[in-house]
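This one's a predicted model, so the numbers in the text were calculated from it and none came from an experiment.
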Amino acid sequence: MEEEMWTKNDKSPAGLWLGRRNFVGGMVGTCAVGPFAQLSLIQLTASRSGSLTKEQRDKMTPSQVVDELKKGNERFRTGKMIARDYRAEKQASATGQYPAGVVLGCLDSRVPAEIIFDTGIGDMFIGRVAGNVVNDDMLGSMEFACGVSGAKVVLVLGHTACGAVKGAIDNVVLGNLTGLLARIKPAIPATKFDGEKSSKNASYVDAVARTNVLLALQEVRRRSPLLEDLEKKGTIQITGAMYSLSTGMVEFIGS
C-alpha cells in the first residue's frame, strides 16, 4: 500500500491512523466510471462493462449490499449469471477500487466467493484461509477494507463438507496445519448435535462448520474494536453465511 494512503485522522474509529484518502492516481484510486454510473446498484446486478464506482458503492447501505449478494447467489444457482466483460472490468478498476464488502471464506477450491455471488472485478474484497478462521492478518485486512476503503459488509463464509472442520474433529496433526485447526476446535464442544459426532457424519460436520462461522463473528467483534465500532454506528454489517456444495445456495446466518 502506498504511504500516502495512511494519514492521521483523529476522527477515525479507535483513533487509528487510517486516513480517508485522495485516491486519484493511488492504488485504491478513483475508479473509471462505467456507462451505468447513475444507478447505485447496477454494478452488482446488470450486464457489466465497467467496475464499481465510489459513488455507486457509497449510495448503498450495508443491508442493500447483502441483498445484492443474495440476488447474485440466486443468479448463480439458477444459471442466470451476468455476462461480464472482464477485460473492461480490469481496465476500469486498474486505477482504483471501491469494493462493497469483504468476504472471509475457506480455501476450498469449490467455494469461489466471486463466482457464487456473481460479482465482478472490483466488487468485493476476498480473503481465503482453510476453515475460514479469524487470525490477525485477516482482521487487519478487514479493517483496511472497511476502515480505509469504505466496504459496507464483513461476511464470514463457511461451507458444507469442510475438510478443515473434519480435520479439527479428527485431531489431525500436520505441521502448521495443527495450529490452524486449533482455531476451529472451539466450535466442536459448542455444537449441539443429536447423533454420531464423527467426521464421517456429514450432518455433524456441517453443524460444526455452522458453529465455526458463528464463533468467527464473535471473534471479529471481540478482537477488532474498530470493526465493532463501525458496526454499532451502522456503517457496516458483520454477518455470516453457509454455502452448500450440493445445491449452490448461500444461507445467511448470524448478525
Which residues pass the side-chain contact (heavy atoms from CB on, under 4.5 Å) test with [X], sequence neighbours left out?
| X | value |
| --- | --- |
| Asp206 | Thr160 |
| Ala145 | Val102, Phe125, Ala151 |
| Thr235 | Leu230, Lys233 |
| Ser141 | none |

For this session: Please collect all ring-ring contact (aromatic ring centres under 6.0 Å, His included) contacts where either partner lies in residues 213-236, sequence neighbours excluded, each pair once.
Result: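 Not a single pair qualifies under ring-ring contact (aromatic ring centres under 6.0 Å, His included).
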Exercise. Which ring-ring contact (aromatic ring centres under 6.0 Å, His included) pairs, counting each pair once, include a residue from residues 154-213, with sequence neighbours left out?
Worked result: Phe193-Tyr204
Problem set entry | Point-to-point distance, once rounded to the nearest 0.5 Å, from CD1 of Ile115 to CG of Asn73 |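 Reported to 0.5 Å precision, the distance equals 12.5 Å.
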For this session: Mind checking the CD1-SG spacing from Ile238 to Cys146? Nearest 0.5 Å is all I need.
Result: 7.5 Å
Exercise. What are the two closest heavy atoms between Leu107 and Arg128, and how far apart are they?
Worked result: O-NH2, 3.2 Å
Seminar exercise, completed: Shortest non-hydrogen pair, Val213 vs Ile253, comes out as CG1-CD1, 4.0 Å
Problem set entry | All salt bridge (charged side-chain N to carboxylate O under 4.0 Å, His left out) counterparts of Asp67, not counting sequence neighbours |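 For Asp67, no residue satisfies salt bridge (charged side-chain N to carboxylate O under 4.0 Å, His left out) once neighbours in sequence are set aside.
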Problem set entry | Any residue meeting salt bridge (charged side-chain N to carboxylate O under 4.0 Å, His left out) with Glu219, in chain and number order, not counting sequence neighbours |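 Per chain and number, Glu219 pairs via salt bridge (charged side-chain N to carboxylate O under 4.0 Å, His left out) with Arg222, Arg223.
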Please output the side-chain donor-acceptor pairs of residues 76-83 that fall under 3.5 Å, not counting sequence neighbours, one pair per line with the distance.
| unit_1 | atom_1 | unit_2 | atom_2 | d |
| --- | --- | --- | --- | --- |
| Arg77 | NH2 | Glu74 | OE1 | 2.4 |
| Thr78 | OG1 | Glu74 | O | 2.8 |
| Thr78 | OG1 | Arg75 | O | 3.4 |

Problem set entry | Close side-chain approach of Met124 to Leu155, heavy-atom, < 4.5 Å | no
For this session: Check whether any side-chain heavy atom of Val173 lies under 4.5 Å from a side-chain heavy atom of Leu181, and answer yes or no.
Result: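 In short, these two side chains do not touch, never coming nearer than 4.5 Å.
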Problem set entry | Qualifying salt bridge (Lys or Arg N to Asp or Glu O under 4.0 Å) pairs with a residue from residues 246-255, counting only residues at least two apart or across chains | Arg210-Glu251
Exercise. Which residue pairs satisfy the salt bridge (Lys or Arg N to Asp or Glu O under 4.0 Å) criterion with at least one member in residues 167-187, sequence neighbours excluded?
Worked result: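 Of all non-adjacent pairs touching residues 167-187, none passes salt bridge (Lys or Arg N to Asp or Glu O under 4.0 Å).
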For this session: Using ring pair (Phe, Tyr, Trp, His ring centres under 6.0 Å) as the criterion, list what pairs up with Phe252, not counting sequence neighbours.
Result: none
Problem set entry | NZ (Lys232) with more than 12 external heavy atoms under 6.0 Å |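 Counting neighbours around NZ of Lys232, 12 or fewer heavy atoms of other residues, nucleotides or ligands fall under 6.0 Å, so no.
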